[in-house]
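For reference, the structure is listed below as structure tokens.
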Amino acid sequence: MENFLTNLGTLFSNVTEITWQMVVMWIIGGVLIYLAIKKEMEPSLLLPMGFGVILVNLPFSGAITQGAEEGALSVLFDAGIANELFPLILFIGIGAMIDFGPLLSNPKMLLFGGAAQFGIFFALSMASLLGFELKDAASIGIIGAADGPTSIFVANFFHSNYTAAITVAAYSYMALVPMVQPPIIKMITTKKERMIRMKYEPKDISPAVRILFPILVTVIAGLVAPKSVSLIGFLMFGNLIRECGVLRSLSETAQNVLANLITIFLGITVAVNMTAATFLKWETILIFVLGLVAFIFDTIGGVMFAKLINLFTKNKINPMIGAAGISAFPMASRVVHKMGREEDPNNFLLMHAAGANVAGQVGSVIAGGLVMTLVSAMLGM
Amino acid sequence: MAINVAAFLDSLSLMVSGMVGIFVVMMIIYGLIIGLGAAFSKKKKKS
């Protein structure tokens, strides 16, 4: 009987190791799972991440390395996130999903893909003002790229102390684009501006242009920001597989199987950094606020740039198109199209917005590369 | 964590160089698309 009680005590001794911080993390994990299932907010990432949070916040969890005993999730983290491999491989899948057609038809939209990255640098400056180290401020600013893999890649590149919070913020705000952007757009545009109609003239894009585009963009971005070459290179490699016309099965695999597989591993593995000790800090709340600031100023940057162009051009651009210059695809273009139709049911902005949105995907990766190059130079890395 | 005005001022130069850098790259890609479009539409017309 005594032995039985001792054994029973040993079995449940772990229960006494539960801390309130762990319970808070379980609740956070539960909220992520709830948002993924009930609200369909980036479910492919938030659900594995939410489950991972619970997994790593059990006392002496075997999923993460405890002393000399290696945990499976820690091994996966070292194999795929610490060396930036998972986000890069995911980029092949994303590249294979992107149709650059609307952008190649209307290359002017590229400018909005640049202007709408303003939030990155604004948030970076704000994070510096609030006392974050430059490497962390740069990683926080990248939330404004509205691009999960880029955020993970840059935060890991700088060995940021806040990779987990940055990842959760980046994916959460991407899902919240339909809630974050409309009030900001309405605040800085007039009804008359939102009603501006734009003619869409689709062009027949030659297959040679579609094939040369990803190759040449990789070369250009690589020459300007060499640190971005893997980021943009993997994205464009995926797109080349799509556009070459002879690798249909590889393209489908990259878009579906590869992207899904990596997303599963990425979500659950990012949670390694979401232990109570690393996540439950005041800085996490600040990072979420700064992430929101980044998205707001991305939107403002894009819209104000469109207004600026309108001062000098005859064919006016609907300034809302500028807001679609962020990378969150297709949420941002849908938001702009929907807002356009709310003001004028016969106004179809979708293709213009899609062009700006695709430009935002290129712009965010280039911005990530530039941030890595410029900040590394400043830090002497 | 305390307010760091010096770091903020330093970061402003980063903001300017970053935004200028993005626009330069985007303008080059813009030119590239125009160039590619012109080159391949001419060939199409000729053929």
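Computed from a prediction, not measured in an experiment: that's the story for all the values here. Order of the sequence lines fixes the chain letters, A, B, ..., with proteins taken first and strands second; residue numbering starts at 1 for each chain.
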Quick one: which of [options] has the most heavy-atom pairs under 4.5 Å with chain B, could you say?
| options | answer |
| --- | --- |
| L124(A), L130(A), L103(A) | L130(A) |
| A115(A), A221(A), G141(A), A359(A) | A115(A) |
| A225(A), A208(A), A137(A) | A208(A) |

Around K108(A), counting heavy atoms of other residues, nucleotides and ligands shown, do more than 12 lie under 6.0 Å from its NZ?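 No, not enclosed.
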
Roughly how far, to the nearest 0.5 Å, is [atom2] of [Y] from [atom1] of [X]?
| X | Y | atom1 | atom2 | answer |
| --- | --- | --- | --- | --- |
| L370(A) | M19(B) | CG | CE | 10.0 Å |
| L110(A) | I33(B) | CG | CD1 | 4.5 Å |
| S125(A) | L14(B) | OG | CG | 7.5 Å |
| S11(B) | F132(A) | OG | CZ | 13.5 Å |
| F8(B) | S128(A) | CZ | OG | 8.5 Å |
| I3(B) | L129(A) | CD1 | CG | 4.5 Å |

List, one per line, each side-chain donor-acceptor pair under 3.5 Å for residues 372-381 of chain A, sequence neighbours excluded.
from	atom 1	to	atom 2	distance (Å)
T373(A)	OG1	G369(A)	O	2.8
S376(A)	OG	M372(A)	O	2.4

Sort [X] into side chain, backbone, both or neither according to what part of it lies under 4.5 angstrom from a heavy atom of chain A.
| X | value |
| --- | --- |
| Y30(B) | both |
| L9(B) | neither |
| I29(B) | both |

Working for side chain to side chain contact (heavy atoms under 4.5 Å, CB included), residues V24(B) and V224(A): CA-CA 9 Å; V24(B) 168; V224(A) 177; 5.9 Å; no

Structural part of [X] lying under 4.5 Å from a heavy atom of chain B:
| X | answer |
| --- | --- |
| E283(A) | side chain |
| L134(A) | side chain |
| L223(A) | neither |

Nearest heavy-atom neighbours spanning [X] and [Y]:
| X | Y | result |
| --- | --- | --- |
| P107(A) | I34(B) | CG-CD1, 3.8 Å |
| M26(B) | V362(A) | CE-C, 4.4 Å |
| F122(A) | M15(B) | CA-CE, 3.7 Å |
| I22(B) | Q117(A) | CD1-CB, 3.7 Å |

Quick one, F40(B) with I205(A), criterion side chain to side chain contact (heavy atoms under 4.5 Å, CB included). Give me CA distance, side-chain angles, the key distance, then yes/no. CA-CA 9 Å; F40(B) 287 94; I205(A) 309 294; over 6 Å; no

Tabulate below the donor-acceptor pairs under 3.5 Å that side-chain atoms of residues 303-311 of chain A make, not counting sequence neighbours, or state none.
from	atom 1	to	atom 2	distance (Å)
K307(A)	NZ	I188(A)	O	2.6
K307(A)	NZ	E193(A)	OE1	3.3
N310(A)	OD1	I317(A)	N	2.7
N310(A)	ND2	I317(A)	O	2.7

